[in-house]
**Q** 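Have a look at this one.
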Amino acid sequence: MTHAYMPARQMLRIGSALLGSAALAALLSSSAIAAESLGVATAKENAAHLAAGKEDEPTVLKAPAPDARRVYVYDAKHFAAISQQFVIDGNSGRVVGMNDSGFMANPFVASDGSFVGMASSVFSRIARGKREDYVELLDPQTYEPIADIALPNAPRFLVGTYPWMTALTPNNKTLLFYQFAPSPAVGVVDLQAKKFDRMIKVADCYHVFPAKDDTFFMHCRDGSLLKVSMGQNGKDETKKTEVFHKENEFLINHPAYSPKNGRLVWPTYTGKIFQADLSSGEAKFLAPIEALTDAEKKDGWAPGGWQQVAYHRESEQIFLLVDKRADHKHKAPSRFALVIDAKTGKRIRKIELGHEIDSVGVSQDAKPQLYALSTGARTLFIFDPETGKETNKVDQLGTGPQVITTADM
Amino acid sequence: MTHAYMPARQMLRIGSALLGSAALAALLSSSAIAAESLGVATAKENAAHLAAGKEDEPTVLKAPAPDARRVYVYDAKHFAAISQQFVIDGNSGRVVGMNDSGFMANPFVASDGSFVGMASSVFSRIARGKREDYVELLDPQTYEPIADIALPNAPRFLVGTYPWMTALTPNNKTLLFYQFAPSPAVGVVDLQAKKFDRMIKVADCYHVFPAKDDTFFMHCRDGSLLKVSMGQNGKDETKKTEVFHKENEFLINHPAYSPKNGRLVWPTYTGKIFQADLSSGEAKFLAPIEALTDAEKKDGWAPGGWQQVAYHRESEQIFLLVDKRADHKHKAPSRFALVIDAKTGKRIRKIELGHEIDSVGVSQDAKPQLYALSTGARTLFIFDPETGKETNKVDQLGTGPQVITTADM
Amino acid sequence: MLGKSQFDDLFEKLSRKVASHTSRRSFISRVGTAVAGAAIVPLLPVDRRGRVSRANAAESAGDPRGKWTPQDHDVQACDYWRHCSIDGNICDCAGGSLTSCPPGTKLASSSWVASCYNPTDKQSYLISYRDCCGGNVSGRCGCLNTEGELPVYRPEFGNDIIWCFGAEDDAMTYHCTISPIVGKAS
Amino acid sequence: MLGKSQFDDLFEKLSRKVASHTSRRSFISRVGTAVAGAAIVPLLPVDRRGRVSRANAAESAGDPRGKWTPQDHDVQACDYWRHCSIDGNICDCAGGSLTSCPPGTKLASSSWVASCYNPTDKQSYLISYRDCCGGNVSGRCGCLNTEGELPVYRPEFGNDIIWCFGAEDDAMTYHCTISPIVGKAS
């Protein structure tokens with residue numbers, strides 16, 4: 001079969017015919033390096049193996065046990081009927097596995113590393129016919145299915161992947177997912193019993209932020225949060241908080257949230273960051289932070305991208321994608337990340353990412369990695385957030401990689 | 001959702017940052033033109049409609065009735081679990097529709113234009129789980145399913161799409177498809193009754209060339225053809241012809257064949273073209289043609305690509321993709337097409353295609369269009385084979401478009 | 001066209017104060033019916049003046065963050081004025097047209113809306129983006145425009161959503177989007 | 001390793017004269033068993049000398065039709081010597097290795113074969129390309145090499161085929177390919 005796509009290295013070989021020399025030099029200096037070193041190590045190993053007269057014995061590998069630096073990149077392939085997840089070891093920059101999913105899936109990962117999974121939808125004839133919604137759990141090292149749980153009545157909200165529309169409770173025993181139509185609700189899946197439990201009807205609210213194993217919050221059209229207490233025997237209760245932001249303070253679609261400490265970090269289109277502490281089961285709103293100065297705003301600086309914000313629990317640092325942009329360009333990628341102290345609101349540093357970045361994530365270990373995903377370059381760039389230096393990259397991540405998932409370890 | 005891919009026109013807008021000016025100029029002079037003119041016409045229409053105060057009334061369009069210049073481009077997406085077909089009106093260069101299919105599908109089209117269809121395979125969980133093989137027939141203007149015929153026991157040969165592994169009988173009433181494992185056989189699908197009929201066991205032979213409504217030929221490992229007569233009540237008979245080519249005369253995987261006049265045109269890796277006339281129900285081998293001179297061969301000229309050959313019935317002209325190439329590069333694309341008189345073996349002309357072309361096809365009207373598909377550029381180029389001039393192009397054809405299908409009208 | 005009072009009523013319903021007490025089901029069915037029906041309903045954005053796009057001399061060439069500068073001469077280009085808040089693929093490149101779906105797809109009855117500025121007559125129009133559904137994504141002429149696009153809790157202006165509600169056969173996969181006008185924005 | 005006589009026997013069976021009278025089912029099961037089993041079976045190409053790739057000073061840079069010039073230092077590059085007849089995706093880029101499948105996939109027991117030239121020890125080896133199956137195509141490190149590749153009627157040397165026969169669960173979708181050595185080519 002003819003292969004038209006090719007790795008950067010191959011591009012270089014035919015590059016002179018297609019690209020100018022400046023573009024070639026740029027390619028040489030960027031994309032080719034990380035993958036090359038991985039392939040080089042494997043080549044040495046195999047050359048030694050062969051020289052020693054040993055035989056090849058093909059088998060199926062297991063991925064190394066996941067740690068905080070296991071990072072998952074989801075590629076919805078621009079609304080395609082099937083999609084794909086790349087599993088990356090952040091330490092080595094190596095792809096250690098891939099998982100398949102259907103139309104507009106929602107990946108999730110257990111905070112204790114015990115499983116990965118996704119809520120997904122498939123159709124009997126590619127993109128039409130009978131629709132089937134299901135939740136699949138996978139072993140975190142073999143990526144073999146542990147569970148395949150049917151969701152009755154096709155309840156999933158089909159939307160560009162919103163990480164916080166599908167979430168695990170802190171004990172990893174319950175999956176909550178959002179339903180949009182025919183009316184707003186949250187689906188409850190009992191992962192231990194491997195079965196769908198119930199839909200909880202809610203008001204005109206969105207997102208799912210699990211604060212305790214039986215309590216989650218949502219955000220409502222009127223600017224309040226909705227607290228949902230999951231009772232025994234389906235006796236669920238809901239209660240709205242105060243309205244905490246104005247109608248013209250537009251909250252971005254992808255806040256950062258840690259189920260482990262209940263911190264919700266939610267910027268607006270203009271970089272005002274609302275924070276709430278949900279850990280007690282009640283919403284405590286913190287003083288909002290302005291990520292950008294008035295002068296910067298006037299100069300056109302604003303957040304932008306897909307997942308624009310990440311939060312590191314231990315250091316209480318916020319990472320926010322920003323760039324100079326015209327009005328209404330809140331989804332265009334950014335070339336900079338602000339590092340902000342979540343306690344004081346002070347800017348710690350501004351990292352020049354050097355690429356068009358759509359999504360950020362951060363590992364939750366003591367010396368974290370900052371993950372910066374470029375949908376256009378189909379590459380995950382890995383940074384040391386302390387130095388602001390790019391330390392690794394993983395390219396060829398599908399056709400439209402967009403969502404970073406890390407474990408809240 | 002963030003869109004990383006973009007049309008050529010969009011590329012131009014960010015082009016200066018990414019590409020050298022030479023590359024930009026090349027883009028400007030090629031990819032953007034055809035699509036642009038289509039969009040321009042539509043814009044004028046809609047501006048007039050609006051200026052006249054008329055209301056928009058959304059509906060679902062029907063494609064114009066197919067003619068000989070309806071050309072289908074199949075994109076297997078480099079072995080992906082789902083694939084796609086682009087339906088193009090060769091007259092306007094417009095995409096008039098798209099059809100979905102599963103893993104390594106085989107498209108076909110009725111010679112009278114009455115339907116299009118494909119043999120396809122899907123899996124219950126994207127790329128694993130229960131496999132389902134089926135034949136789908138679609139209306140040629142609405143692309144709505146007319147029939148969905150189950151193929152029991154997953155008989156399809158999963159291989160990079162070989163046009164002549166799946167074929168309609170001349171009366172368009174029977175579909176024949178190849179089975180590779182567990183043993184060679186040909187499946188018979190009764191399209192009128194909309195049901196699978198039977199598997200016909202055959203010797204170690206490949207391809208399916210329907211000569212009459214009850215007779216087809218195959219090509220065998222030993223260099224002969226196999227004639228298969230489909231009898232009543234499953235009383236099928238097979239008979240081998242003489243061996244017509246030597247073991248080291250390697251026939252390419254994608255010959256040209258016309259069920260309408262039974263002409264089989266089959267080049268080797270080196271450009272020796274075998275021809276057979278199967279119209280009588282017996283194989284009459286014609287004198288082989290050498291498409292390339294000894295001097296050219298010595299200079300490295302050889303056929304190459306995916307669908308390397310096309311045959312125009314009325315003019316009895318053969319189109320063969322050739323280029324200078326190293327040994328074993330028989331699947332690398334070509335930049336030239338030879339036009340050869342099938343009767344005399346004389347070369348009529350050599351067309352410089354100006355692109356890296358993987359597949360060719362030809363419309364069967366009196367003044368045919370030559371279709372030249374570049375998998376790498378994801379573009380179908382349309383040529384006037386008389387003048388050798390490129391007359392149109394259709395870009396953005398998926399991720400790895402590879403197979404051209406035209407009706408044997 | 002609906003009379004002024006009905007218009008205002010609809011306008012109010014779309015603001016957060018009222019809508020938070022309204023079932024979304026009824027919102028969707030209302031939008032759906034209105035758009036699918038013969039009557040053209042102007043779904044006026046709440047803060048339409050601020051979010052209407054305006055032609056501007058500043059060229060956005062080379063910058064994904066550059067100002068939206070609409071043109072009126074090429075429907076298949078992302079900067080065609082009616083596509084000011086499209087997120088997906090232009091149906092005209094897939095066998096449809098600017099205002100109709102390609103063969104084999106299903107027209108959704110729901111939509112998101114935006115106000116787009118027409119540089120030719122210098123008027124702003126309400127575009128009710130309708131998804132054509134029931135087929136795998138077309139992949140041709142993919143665009144991401146976000147003029148006036150609002151967060152998901154204001155879904156009537158949100159273009160991340162698969163707006164295939166109300167399509168025949170409950171076809172919920174996304175193929176492409178059309179950009180019909182449903183009225184003037186002001 | 002098998003003795004010379006068995007080797008010759010297998011060699012003969014793969015030529016067209018014998019194979020045309022042999023059921024392909026038995027051919028496939030034989031290849032499959034031999035490769036999957038502990039014994040390494042050298043599936044010698046019929047015309048191996050002509051089709052063995054040789055290192056050559058002529059660089060193929062810029063030309064998809066250029067001569068195959070293998071290297072021994074980067075497994076993830078298409079011109080790594082063992083990939084001389086690979087058509088698909090290198091498993092080392094997808095969580096597998098040069099000789100083992102990625103997690104979550106199934107190892108096929110069947111394969112196609114080629115003779116590839118190792119520029120380090122200047123020997124040619126038989127590579128038995130094994131597909132890792134049961135997952136959507138990896139999409140990383142896609143290569144099309146065709147050294148010694150033969151038409152489909154010589155399937156044991158054909159790389160267009162989805163060689164997923166014999167994989168656990170009858171997993172027949174293609175994810176990536178590994179390039180283990182099964183013996184010396186001469």
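Fair warning: this is a prediction, and the values are worked out from it, not measured in the lab. Proteins get letters first, then strands, A, B, ... in listed order; numbering begins at 1 in each.
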**Q** Counting only heavy atoms closer than 4.5 Å, note whether D:Thr99 contacts chain A via side chain, backbone, both or neither.
**A** both
**Q** What verdict does the side chain to side chain contact (heavy atoms under 4.5 Å, CB included) test give for D:Arg140 and A:Val394, after you've listed the backbone C-alpha separation in whole Å, the side-chain angles of each residue and the deciding distance to 0.1 Å?
**A** CA-CA 10 Å; D:Arg140 299 195 84 224; A:Val394 189; 3.7 Å; yes
**Q** One thing to verify: whether D:Asp72 and A:Lys44 come together as a salt bridge, which I'm taking to mean a side-chain N less than 4.0 angstrom from a carboxylate O.
**A**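 No, A:Lys44 and D:Asp72 are not salt-bridged.
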**Q** Which bit of A:Ile88 is near chain D, if near means a heavy-atom gap under 4.5 Å: side chain, backbone, both or neither?
**A** neither
**Q** Can you measure from OG1 (A:Thr59) to CG (D:Leu107) and round to the nearest 0.5 angstrom?
**A** 7.0 Å
**Q** Atom CG of A:Leu50 and atom CD1 of D:Ile181: how far apart are they, to the nearest 0.5 Å?
**A**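 Rounded to the nearest 0.5 Å, the CG-CD1 separation comes to 4.0 Å.
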**Q** Drop me the distance from D:Tyr80's OH to A:Asn46's CG, to the nearest 0.5 angstrom.
**A**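 Here the interatomic distance stands at 5.0 Å.
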**Q** Check the pair A:Leu38, D:Gln76 against side chain to side chain contact (heavy atoms under 4.5 Å, CB included), reporting the backbone distance first and the verdict last.
**A** CA-CA 8 Å; A:Leu38 294 175; D:Gln76 295 196 350; 3.8 Å; yes
**Q** At their closest point, which heavy atom of D:Asn136 faces which heavy atom of A:Gln84, and how far apart are they?
**A**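 Minimum heavy-atom contact is O-NE2, 4.2 Å.
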**Q** Within a strict 4.5 Å, meaning less than it, do heavy atoms of the D:Cys93 and A:Gln396 side chains meet?
**A**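 Sidechains of A:Gln396 and D:Cys93: no contact.
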**Q** Given A:Met98, which of D:Pro102, D:Cys176, D:Ser138 fulfils the side chain to side chain contact (heavy atoms under 4.5 Å, CB included) condition?
**A** D:Ser138
**Q** Pick whichever of D:Cys132, D:Gly134, D:Gly135, D:Gly104 has the most heavy-atom pairs under 4.5 Å with chain A.
**A**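 With the most close heavy-atom pairs to chain A, the winner is D:Gly104.
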**Q** Could you check whether any side-chain heavy atom of A:Leu61 comes within less than 4.5 Å of a side-chain heavy atom of D:Ser97, counting everything from C-beta outward?
**A** yes
**Q** Can you check whether A:Lys62 reaches D:Pro103 side chain to side chain, under 4.5 Å on heavy atoms?
**A** no
**Q** Got a salt bridge between A:Asp56 and D:Arg130, using NZ or NE/NH1/NH2 to carboxylate O under 4.0 Å?
**A**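 Salt bridge absent between A:Asp56 and D:Arg130.
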**Q** Tabulate, in ascending numerical order, the residues of residues 131-144 of chain A having at least one heavy atom closer than 4.5 Å to a heavy atom of chain D, or enter 'none'.
**A** A:Gln141, A:Thr142, A:Tyr143, A:Glu144
**Q** Between D:Leu98 and A:His49, does the side chain to side chain contact (heavy atoms under 4.5 Å, CB included) criterion hold? Intermediate values first, please.
**A** CA-CA 12 Å; D:Leu98 179 62; A:His49 185 87; over 6 Å; no
